[in-house]
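No hydrogens, no waters, no symmetry mates; every other heavy atom, side chains included, goes into these values.
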Amino acid sequence: MAMKKYDQNILNEVNESLGVLKRGGLLLYPTDTVWGIGCDATNANAIDKIYALKKRKESKALICLVSDMKMLNQFVEEIPEVAYNILKYASQPTTIIYDKPIRIAENLVGEDNTLGIRIVQDEFCRTLIKKLGKPLVSTSANISGEKTPMRYPEISQPILEGVDYIVNLQRKHLSTKSSTIIKLSNDGQVKILRK
């Protein structure tokens, strides 16, 4: 019975978040790694708001989350074969930087025409992204250069006040770490940027 109530909580938060994202707003939300600041990955104005809130240079790329492999295929021109094996055998959340992202706001794409994308495992995130039908920007909930908060109480006041909605889930959860980041080039190169 408790599970049904939890599912209803997730659904309520998804619907609330969806409205914010569709209006071009910013979310503060739990992911399968650390708390993230997010917006619709196709909305350049919303992405600009994230850069401003984090006081981050636009040349420092953000990542985005997709709900599944099917969605990943819709936003990357060509997925290297090795990506399927990496994702199949990954034992922890893994962000892969792909060449040539498509259908994404230009200010989200790196100067070298790459984008870090993670297939998210968290139930809330996956449900939200599926309903939105687009990737969700995800960047750690901190001012650029400051320590990444591993749990909700560590998030600074400027971040809490700078978003349009704070998801009311997992506020007591302690994150263990950020995702692994792997850069895959279409020429077959594989580089581990963060373990």
Common cluster, L136/I102, ILVMFWY with side-chain heavy-atom separation under 4.5 Å: no
Kindly work out whether a path of hydrophobic side-chain contacts (I/L/V/M/F/W/Y, heavy atoms less than 4.5 Å apart) joins V120 to I181. no
Would a 4.5 Å heavy-atom cut-off, applied to side chains only, mark P135 and I104 as touching? yes
Side chain proximity check, L72 to L87, heavy atoms < 4.5 angstrom: yes
For D164, all residues meeting salt bridge (charged side-chain N to carboxylate O under 4.0 Å, His left out), sequence neighbours excluded: none
Calculate, to the nearest 0.5 Å, the distance between atoms OG1 and CG belonging to T42 and L132 respectively. 7.0 Å
Could you point out which residue of L21, L26, V20 forms a side chain to side chain contact (heavy atoms under 4.5 Å, CB included) with Y165? V20
For N12, what residues pass the side-chain hydrogen bond (donor to acceptor under 3.5 Å, both in side chains) criterion, not counting sequence neighbours? Q8
Going from CG on N168 to CG on N9, what distance comes out if it is rounded to the nearest 0.5 angstrom? 8.0 Å
Cluster overlap I192 with I119, hydrophobic side-chain contacts below 4.5 Å: yes
Under the side-chain contact (heavy atoms from CB on, under 4.5 Å) rule, collect the residues that match up with V82, sequence neighbours excluded. P80, I86, L184, V190
Using only heavy-atom distances, determine whether the side chains of S179 and T95 contain a donor-acceptor pair under 3.5 Å. yes
Residues in side-chain hydrogen bond (donor to acceptor under 3.5 Å, both in side chains) with Q157, at least two apart? E161
Please give me the minimum heavy-atom distance between A41 and V137, naming the atom from each residue. CA-CG2, 3.7 Å
Restricting to non-hydrogen atoms, name the atom on A105 and the atom on I47 that form the minimum distance, rounded to 0.1 Å. CB-CD1, 3.4 Å
Would you list the atom pairs, donor with acceptor, under 3.5 Å between side chains in residues 62-70 and any protein atom, with sequence neighbours excluded?
{"unit_1": "D68", "atom_1": "OD1", "unit_2": "K70", "atom_2": "N", "d": "3.4"}
{"unit_1": "D68", "atom_1": "OD1", "unit_2": "M71", "atom_2": "N", "d": "2.9"}

Pairing residues for E78 by the side-chain contact (heavy atoms from CB on, under 4.5 Å) criterion, not counting sequence neighbours: N186
For T94, what residues pass the side-chain hydrogen bond (donor to acceptor under 3.5 Å, both in side chains) criterion, not counting sequence neighbours? none
Which pair of non-hydrogen atoms, one from Y51 and one from N107, has the smallest distance, and what is that distance? OH-O, 3.2 Å
Should L115 and F75 be regarded as members of a common hydrophobic cluster, given that ILVMFWY residues are connected when their side-chain heavy atoms come within less than 4.5 Å of each other, either directly or indirectly? yes
Which pair of non-hydrogen atoms, one from C39 and one from G25, has the smallest distance, and what is that distance? CB-O, 3.7 Å
In Å, rounded to the nearest 0.5 Å, how long is the span from CG of N113 to OH of Y98? 15.0 Å
Contacts satisfying salt bridge (charged side-chain N to carboxylate O under 4.0 Å, His left out) that involve residues 125-149 (not counting sequence neighbours) are D40-K134
Beyond-backbone contact of I79 with I96, side-chain heavy atoms, under 4.5 angstrom: no
I'd like to check V14 versus F124 (side-chain heavy atoms, cut-off strictly below 4.5 Å). Are they in contact? yes
Could you work out, with side-chain hydrogen bond (donor to acceptor under 3.5 Å, both in side chains) as the rule, every residue matching Y29, not counting sequence neighbours? S138
If the condition is side-chain contact (heavy atoms from CB on, under 4.5 Å), which residues does A52 pass it with, not counting sequence neighbours? none
Non-hydrogen side-chain atoms of I159 and L53 separated by less than 4.5 Å: yes
Any side-chain heavy-atom pair of V163 and L27 under 4.5 Å: no
Within-4.5 Å side-chain heavy-atom neighbours: N142 and K54: yes
Going by the rule salt bridge (charged side-chain N to carboxylate O under 4.0 Å, His left out), which residues pair with K183 if we only count those two or more places apart in sequence or in a different chain? D112
Tell me the salt bridge (charged side-chain N to carboxylate O under 4.0 Å, His left out) pairs involving residues 15-36, sequence neighbours left out? D32-R118
Using modelled atom types and a 3.5 Å cut-off, is there a donor and acceptor pairing between side-chain atoms of S17 and backbone atoms of E13? yes
Here the pair of heavy atoms bringing L28 nearest to W35 is O-CZ3, 3.7 Å
Is there a side-chain contact between Y152 and L160, using heavy atoms and a 4.5 Å cut-off? yes
